[in-house]
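Shown next, in structure tokens, is the structure this report addresses.
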Amino acid sequence: MDNPGRIPKAGDADVRSALYAAANAMMMRSVASSEIKSWGLRLLRHKGRRRAVVTVA
């Protein structure tokens, strides 16, 4: 049975952490607007900050 609410921890841990840090910086610190940032901010309102950042990453 698939559980769509979980995010797998597959792949290199260092790459995953770098992607998370980049997505977090883009979502929280960047003033420039982009499609992916606006999508992430919509997710943030509905799903929460951590899940939105992981999804954008």
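Counting begins at 1 with the first residue of the sequence.
Legend: residues meeting side-chain hydrogen bond (donor to acceptor under 3.5 Å, both in side chains) with Arg49, ordered by chain and number and at least two apart, are Asn24. Listed by chain and number, the residues in a side-chain contact (heavy atoms from CB on, under 4.5 Å) with Ser34 are Ile36, Lys37 (sequence neighbours excluded).
Hydrophobic clustering (ILVMFWY, side-chain heavy atoms < 4.5 Å, transitive): Tyr20 and Leu41 are in one cluster. At a threshold of 4.5 Å between side-chain heavy atoms, the hydrophobic network of Ile, Leu, Val, Met, Phe, Trp and Tyr places Val53 and Leu19 in two separate groups.
Considering CE of Met28 and CG of Leu44, their distance stands at 5.0 Å, rounded to 0.5 Å.
The heavy-atom pair separating Arg16 from Gly11 by the smallest distance is NH1-O, 2.9 Å. In this structure, Val56 and Gly40 approach most closely via the heavy-atom pair CG2-CA, 3.7 Å.
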